[in-house]
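Start at 1 with the first residue, then count along the sequence. When reading the values below, keep in mind they use all heavy atoms of this one structure, side chains included, and skip hydrogens, waters and symmetry mates.
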Amino acid sequence: MLKPILPDPDSLSLQQLVAQMIVVRTTGHLFDHEIAYPQWEANQEQLAHYITDLGVGGVILLGGSGAEVALRCQALQAMADIPLLMAADIEEGVGQRFSGATWFPPPMALGEIARTDLSLAKTYAYQFGQCTACEAMAIGLNWVLAPVVDVNNNPVNPVINVRAFGETPEIVAELTQSFIEGAQEYPVLTTAKHFPGHGDTSIDSHLSLPVIDHDLSRLDRVELLPFKGAIFTGAGKAVDSVMTAHICLIALDKQYPATLSKAILTGLLRQDLGFDGLIVTDAMVMGAITETYGPYEAAVLAVEAGADVIMMPADAEGCIQAICEAVRVGRIDEDQIRASVERIWRAKYKVSGPLGTGPSCHNWEPAEPVTQVQQLAQPETLGLARSILKASSRRGGAEFRPKGPGQNVILVDDVLNCRYLSRTAPAITEPMGWDYGLTLLDSRLSQLPRTGLPTLVQLFVRDNPFRRGEPVVQLARKYLEMLAGDLQAVVVYGSPYLLERLSLTDDVPWVFSYGQMSMAQTLALTTLMGEAVAVRAVDQSFTD
């Protein structure tokens with residue numbers, strides 16, 4: 001039985017029904033002048049139009065602090081006649097997108113732990129899901145766009161990479177099921193992505209369309225296995241939504257990418273796999289779609305294919321009109337629209353109550369949302385993030401004995417867009433205590449810094465959508481060769497694939513961490529300095 005806050009779908013016009021299938025994007029910041037991506041993020045006036053006039057079904061947020069997002073969600077829900085789905089891409093915990101909350105290492109850190117202790121990795125994955133859902137609810141979010149269930153079996157994958165839980169279908173299936181079960185201790189929606197599998201690609205679908213030519217037997221054995229597990233978890237807690245991949249899967253559809261393919265969304269996902277939750281598109285502004293299709297035709301094709309939710313259309317109002325017109329001319333059956341809205345209603349019913357659902361969090365539509373931010377970054381949650389970082393880190397090479405004065409050279413992809421390197425970041429401040437001066441570089445460097453000083457190199461590098469870490473790796477390899485005997489130690493934060501490409505010799509002390517945040521920096525440098533700290537303490541004891 002639906003909650004009274006949700007109207008009978010029969011009481012809504014076709015345009016109102018279609019609008020419920022649209023999710024628009026905005027910033028988590030409170031003020032328009034803080035919008036970072038104006039081409040994608042609606043301002044206050046646009047949002048008011050989308051929510052109040054058009055009646056869109058949901059909003060995806062990016063950026064800002066947890067406290068800001070709590071206020072933001074409250075204000076947006078107050079605008080809406082029908083409660084909104086409030087979504088965020090929080091694959092690494094709420095702190096990945098919203099400051100003040102807990103920022104976990106990327107999911108592949110759990111895959112690293114699973115190599116030697118699957119049981120511990122599953123426990124961590126379950127707790128990771130719990131903490132992510134709890135902190136999401138604490139700031140008014142009710143739709144977690146995670147977990148990534150892609151199998152990252154291609155080391156040069158530029159878009160999935162460490163966002164995946166592992167490189168084998170069995171490990172990914174085990175860990176993502178545990179994450180989903182943990183998250184579903186709370187009334188939030190979970191999302192398995194990117195169907196039918198984006199792991200074995202070498203092209204970023206944010207920029208252009210990847211093509212996969214695996215046969216059906218291989219797809220069933222590798223790519224589809226984690227999705228099957230997410231849809232039918234052993235605990236009976238099936239994933240709430242499945243996000244599509246903007247990839248061309250030749251074995252199933254030679255003409256359309258998965259997001260626009262009826263054979264893949266309706267045939268494979270809905271009929272063959274029996275999934276009856278929400279099918280949601282990946283962002284429709286991504287290059288894999290826009291370089292071939294206009295915004296309106298793409299939206300119509302996605303709905304024709306079986307999508308229930310259109311995520312981030314370039315023109316929300318125009319897409320609503322285009323889908324309505326497709327219904328009027330008989331291209332889309334109105335019953336299909338109603339079936340999608342019924343699924344959306346079931347999702348909204350789940351996240352709207354009852355009040356107090358969940359072990360410790362409040363409801364997603366609370367009377368006092370600001371007070372809930374006190375639940376962010378609690379000691380237990382921070383402790384979990386620290387445990388995952390420690391258990392997944394690596395150390396190799398010789399012992400590190402700092403020989404100051406020296407230099408601390410930090411290489412990053414983009415120094416202008418680097419959340420984890422404030423002036424108080426441990427990667428900057430800790431080496432100062434060893435008498436190592438700072439040199440900060442990024443991939444746009446035209447001239448490498450001087451050699452001749454004992455040098456610690458810290459490399460922050462991982463592949464991210466829209467940009468690759470390759471330029472930083474090439475720069476680092478060149479610089480490490482130049483340093484030769486001056487190289488004292490290397491710390492790599494981010495991607496194990498890029499660590500391997502550095503080809504570090506056994507005489508060079510090194511530490512690797514999946515995380516890049518301050519907590520990861522402290523743990524990595526402590527690990528690097530372990531023996532040196534002990535030796536220094538002994539030496540000090542003789543002089544006291």
Side-chain angles (χ1 to χ4, degrees), residues 17-28 37 39-42 46-47 50-51 54-63 76 84-91 97 136 141-150 159 163 188-196 198 205-206 209 239-247 256-261 264-265 269 275 277-290 293-320 322-323 337 340-341 343-344 347-348 351 465-466:
L17 292 171
V18 171
Q20 282 294 304
M21 299 169 66
I22 303 296
V23 171
V24 297
R25 173 169 157 177
T26 191
T27 178
Y37 304 97
Q39 71 274 34
W40 295 330
E41 296 176 350
Q46 291 168 328
L47 269 180
Y50 292 153
I51 295 171
L54 300 182
V56 297
V59 178
I60 179 172
L61 296 104
L62 176 65
L76 296 179
L84 297 163
L85 293 177
M86 306 297 295
D89 271 308
I90 41 179
E91 301 162 3
R97 302 297 185 192
L141 300 172
N142 53 42
W143 193 357
V144 175
L145 299 179
V148 172
V149 303
D150 301 310
V159 64
R163 297 166 63 195
V188 301
L189 305 181
T190 51
T191 309
K193 60 188 188 183
H194 307 80
F195 188 82
H198 207 320
S205 56
H206 292 80
L209 180 68
V239 74
D240 303 286
S241 59
V242 171
M243 180 177 285
T244 68
H246 298 331
I247 60 172
Y256 293 114
T259 298
L260 312 181
S261 170
I264 294 175
L265 301 191
L269 180 55
F275 179 64
L278 290 177
I279 298 178
V280 54
T281 72
D282 205 344
M284 298 296 279
V285 295
M286 291 166 59
I289 297 297
T290 60
Y293 305 93
Y296 314 121
E297 178 64 9
V300 171
L301 284 170
V303 174
E304 276 188 310
D308 300 305
V309 176
I310 306 299
M311 182 72 71
M312 283 179 61
D315 176 1
E317 187 165 8
C319 287
I320 293 170
I323 296 168
I337 302 296
S340 290
V341 173
R343 293 187 190 98
I344 293 168
K348 291 190 173 186
V351 300
F466 294 107

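If you run side-chain hydrogen bond (donor to acceptor under 3.5 Å, both in side chains) between K193 and each of D150, D89, D282, only D89 comes through.
Pairing each heavy atom of Y50 with each of L54, the nearest pair is O-CB, 3.2 Å. Residues G28 and L61 share a closest heavy-atom pair of CA-CD2, 4.0 Å. Scanning all heavy atoms of the two residues, the minimum distance from V309 to W143 falls at CG1-CH2, 4.2 Å. When all heavy atoms of V23 and I60 are compared, the closest pair comes out as CG1-N, 3.8 Å. Nearest heavy atoms, A136 versus I90: CB-CD1, 4.1 Å. Closest approach of V148 and R163 over heavy atoms only: CB-O, 3.4 Å.
The shortest distance between side-chain heavy atoms of T290 and P295 does not fall below 4.5 Å. Contact check for V242 versus L278: no side-chain heavy atoms found under the 4.5 Å cut-off. For the pair P257/I247, no side-chain contact is recorded, criterion being any heavy-atom separation below 4.5 Å from C-beta on. T26 has its side chain out of reach of Q46: every pair of non-hydrogen atoms, C-beta onward, lies at least 4.5 Å apart. Within the 4.5 Å cutoff, no side-chain heavy atoms of H194 are placed close to those of T244.
Here the CD atom belonging to E41 is positioned 5.0 Å from the OG1 atom belonging to T27, to the nearest 0.5 angstrom. Residue Y293 holds its OH atom at 6.5 Å from CG of L301, rounded to the nearest 0.5 Å. The structure places CG of L62 at 10.0 Å from CH2 of W40, a figure rounded to the nearest 0.5 Å. Going from atom OG1 of T281 over to atom CE of M312 covers 9.5 Å, rounded to the nearest 0.5 Å. Taking CZ of R25 as the start and OH of Y37 as the end, the distance is 7.0 Å to the nearest 0.5 Å.
No donor-acceptor pair under 3.5 Å is formed between the side chain of H198 and the backbone N or O of V149. With hydrogens and angles disregarded, a donor-acceptor distance shorter than 3.5 Å links the side chain of T191 to the backbone of V144. When atom types are taken as modelled, the side chain of N142 and the backbone of L84 share a donor-acceptor pair closer than 3.5 angstrom. Checked by atom type and distance alone, the side chain of E91 never pairs as donor or acceptor with a backbone atom of P147 at under 3.5 Å. With S241 contributing its side chain and V280 its backbone, the two residues share no donor-acceptor pair below 3.5 Å.
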- Item | side chain to side chain contact (heavy atoms under 4.5 Å, CB included) between Q20 and I22, intermediate numbers included | CA-CA 5 Å; Q20 282 294 304; I22 303 296; over 6 Å; no
